[in-house]
Amino acid sequence: MHGELTDGRIVIVGASLAGLRAAEALRAQGFTGSLTVVGDEPHPPYDRPPLSKQVLLGIAPADSTGLPMRADPKAEWLLGVRATGLDPLARRVLLDGGESLPYDRVLIATGTRARPWPNPAEAALDGVFTLRTREDAAGLAERLDAGPERVLVIGGGFTGSEIASACRERGLAVTVTERGPAPLVGALGGTLSKLAAVMQRNHGVDLRTGATVTRLLGDGRFTGAELSDGSRVDADVCVVALGAIRNVEWLAESGLAAGPRGLACDAGCRAFTMYGIVTDDVFVAGDVSRFPHPLFGYQLLSLEHWGNAVAQAEVAAHNMVSPGPLRRPHLALPTFWSTQFGLNIKSVGVPTYSDHVVIAQGSLEARRLAMVYGYRGRVTAAVTVDMAKVLEYYQHLIETAAPFPPPPGAADRALAAEIPVPSDVPDPSVLSHGPTVALTGYVPDRRLTVV
Amino acid sequence: MRTVVDLTRCQGYAQCVFLAPDVFRLHGEEGLLYAPAVPDDQVERVRRAAAACPVQAILLGEEVSGGAR
Ligand SMILES: Cc1cc2nc3c(=O)[nH]c(=O)nc-3n(C[C@H](O)[C@H](O)[C@H](O)COP(=O)(O)OP(=O)(O)OC[C@H]3O[C@@H](n4cnc5c(N)ncnc54)[C@H](O)[C@@H]3O)c2cc1C
Ligand code: SF4
């Protein structure tokens, strides 16, 4: 084995999905040295996706989503402790309170947090929530239990839509506002976003598109909001679902390539410095990372995907204990799921990296379909609605850069699928919600860089 | 014990729903919802579900113990 790499001191910053899976993988890869995981939340790692699904539906309490370990990584867990800086020269993680932890290699897995409502006084009104943590979910679930008159959800991205779905399932009146033309449009493009809008309205959501909330009203307690179209919504609970912010501020003085889109790294999860020089002892994984992908023109991807946090953590851990030639690239295709309004939406690839789409199987009317996305004549993504079993096939087409539109035989129709239509991916700056997949590089024919 | 399902892998085969209906259930045609906290009397059933899942998407285990220092 590679003596010095499987021994020594490794510190992981961020005690959530990526941090836990990396800790386990380090041990599985033979790391026998000291392993410390620092996390600013007071809880052991827990799972977030159920917070907008099972927890809001009342199927599981907020404090029940603790992540199971694959095997105990025998780490020291410093929970409720915030990292305040990284000194790459002295190789130390600085902690709140003045202490510091020495490391030989460090993994940064500090993820994201909810983007707050921009007006702090309005955000502080009783009844205004964001949804990222266990506490957020517990507080919101309690309010929903109390049977509010109406819930206002600001932002029609995946999280906002799942919250609206849970509210409707509980029989609560809900209004969703989205600045873009339809919910999910930033992630899925024009055609599927129209289906999302129909689903919301059919399920009784008061959906207001092309509108923004300009003011939250209330005197101590939230009572409603004013909209940009001059209308007013009376509600007693408000959920701000405007997307996520990368937890990179603590790296401001570190000299690393950390910015609003995350901490940039190479295909082997090694962080870049702000000069674009790759480090060899600072690694990154999960929502906080920004990494190049060969299938998408080597652009840097920023993902907020559960599956990516797991896959990238495993590659990072492998590379932390392996010498150069044995290191692996993180090439997993982005994959995502969301359940809302009784539909199971799954995605593989990068739907926003597209110019055209075609429905290859099923139909919008049947609410069951596989939509294939193409960019400059090759397949770059696929999204299924209640057709998860076929996704793997399209994943293969993406991985092999198959021609778009997919040939007959790739579809269950006699004809070679429908005529491709423009994918209608809007400029993300017109949306309320942040996209959960963002290309942050240069696309000659489109501006996709997000602020 | 806790369970988590890798829903990027899950294809809605629903074997788990038959084997441990108190823990796993389908929501709509193929969306899977589950209770992450597994009561003691369900552990054996969830273990069987995990073994039967055709895409090995179910993980059962202990959560990390210990709270804030
Ligand atoms: C409500 C909700 C629903 C979701 N649903 C889905 C879904 O359906 N499908 C899907 O694919 N994904 C979903 N996701 C996304 C998924 O949960 C994330 O991709 C995943 O949590 C990323 O894991 P991570 O470990 O990279 O980051 P995080 O889970 O964000 O963890 C980072 C941890 O680091 C801590 N931290 C931050 N800064 C510091 C610091 N300076 N010092 C110490 N600790 C620090 C944070 O407090 C946090 O505990 C959902 C997320 C939410 C919030
Ligand atoms: S058995 Fe596996 S694939 Fe089938 S529904 Fe359960 S978790 Fe999903």
Side-chain angles (χ1 to χ4, degrees), chain A residues 15 17 20 23 37 41-47 49-50 53-55 57 59-61 63-73 75-81 169 305-308 310-311 335-348 367-368 385-392, chain B:
Chain A
L17 181 62
L20 171 61
V37 189
E41 293 187 80
H43 316 292
Y46 62 88
D47 208 27
K53 306 174 183 78
Q54 292 96 311
V55 173
L57 287 169
I59 296 171
D63 62 4
S64 72
T65 75
L67 280 164
M69 294 182 281
R70 288 175 180 161
D72 189 340
E76 188 189 355
W77 297 87
L78 298 184
L79 301 176
V81 179
E169 207 159 312
H305 293 178
W306 193 95
N308 182 64
V310 174
T335 48
F336 184 83
W337 83 91
S338 170
T339 43
Q340 46 181 288
F341 302 104
L343 296 182
N344 188 33
I345 303 173
K346 294 189 82 168
S347 144
V348 60
R367 311 266 187 269
R368 221 178 146 256
V385 178
D386 277 356
M387 257 202 192
K389 291 181 186 69
V390 305
L391 201 63
E392 219 171 87
Chain B
M1 300 281 268
R2 292 286 185 270
T3 189
V4 67
V5 179
D6 180 346
L7 290 168
T8 57
R9 254 199 257 172
C10 166
Q11 301 191 346
Y13 283 106
Q15 270 86 334
C16 55
V17 179
F18 294 116
L19 290 167
D22 291 346
V23 176
F24 303 95
R25 70 178 198 225
L26 281 185
H27 191 244
E29 292 287 308
E30 61 171 36
L32 184 69
L33 285 184
Y34 58 94
V38 182
D40 288 345
D41 61 356
Q42 291 289 322
V43 165
E44 207 32 58
R45 285 171 175 273
V46 173
R47 199 164 276 143
R48 256 179 270 154
C53 172
V55 291
Q56 295 293 294
I58 302 172
L59 175 66
L60 176 73
E62 300 287 352
E63 63 180 324
V64 173
S65 54
R69 75 164 181 179

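Since this is a predicted model, take the numbers as computed values, not measurements. Chain A is the first sequence line, chain B the second, and so forth, proteins listed ahead of strands; every chain is numbered from 1.
- In terms of modelled atom types and a separation under 3.5 Å, the side chain of Glu63(B) and the main chain of Pro44(A) share no donor-acceptor contact.
- Scanning both residues, Leu33(B) and Lys53(A), for their nearest heavy atoms gives CD2-CB, 4.3 Å.
- Glu169(A) touches chain B through its side chain: at least one heavy atom from C-beta onward sits under 4.5 Å away, while N, CA, C and O do not.
- Counting heavy-atom pairs closer than 4.5 Å to chain B, the top-ranked of the candidates Trp306(A), Tyr46(A), Trp337(A) is Trp337(A).
- For a residue to count as touching a neighbouring chain, one of its non-hydrogen atoms must lie under 4.5 Å from one of that chain's; by this rule Ile345(A) does not touch chain B.
- Contact annotation: the side chain of Glu392(A) approaches that of Gln11(B) to within less than 4.5 Å [non-hydrogen atoms, C-beta and beyond].
- Using a 4.5 Å cut-off on side-chain heavy atoms (C-beta onward), Asp6(B) and Val310(A) make no contact.
- Put simply, the side chain of Ile59(A) reaches to within 4.5 Å of the side chain of Arg25(B), judged on heavy atoms.
- For the pair Glu29(B)/Asn344(A), no side-chain contact is recorded, criterion being any heavy-atom separation below 4.5 Å from C-beta on.
- Residue Leu57(A) touches chain B through its side chain alone, counting heavy-atom pairs closer than 4.5 Å.
- With a 6.0 Å cutoff to the six-membered ring centre and a 45° limit on the axis angle, Lys389(A) counts as a cation-pi contact of Tyr13(B).
- When the candidates Thr335(A), Leu20(A), Thr339(A), Asp63(A) are compared by the number of heavy-atom contacts under 4.5 Å with chain B, Thr335(A) comes out ahead.
- Closest non-hydrogen pair, Ala388(A) versus Cys10(B), comes out as CB-O, 4.5 Å.
- Looking at Arg9(B), only its backbone comes within 4.5 Å of chain A, counting heavy atoms on both sides.
- In this structure a side-chain-to-backbone donor-acceptor pair under 3.5 Å is present from Lys346(A) to Leu7(B).
- Taking both residues in full, the closest heavy atoms of Pro36(B) and Ala60(A) are given as CD-CB, 3.6 Å, listed atom of the first, atom of the second, then distance.
- Scanning residues 40-50 of chain B against chain A with a 4.5 Å heavy-atom cutoff picks out nothing at all.
- At a 4.5 Å heavy-atom cutoff, the contact between Asp47(A) and chain B is made by side-chain atoms alone.
- The parts of Ser64(A) that come within reach of chain B are both its backbone and its side chain, each placing non-hydrogen atoms under 4.5 angstrom from that chain.
- In this structure, no portion of Asp72(A) lies under 4.5 Å from any heavy atom of chain B.
- Only the backbone of Leu60(B) comes within less than 4.5 Å of a heavy atom of chain A; no side-chain atom from C-beta onward does.
- Among the candidates Pro45(A), Gly66(A), Ser347(A), the residue making the largest number of heavy-atom pairs closer than 4.5 Å to chain B is Gly66(A).
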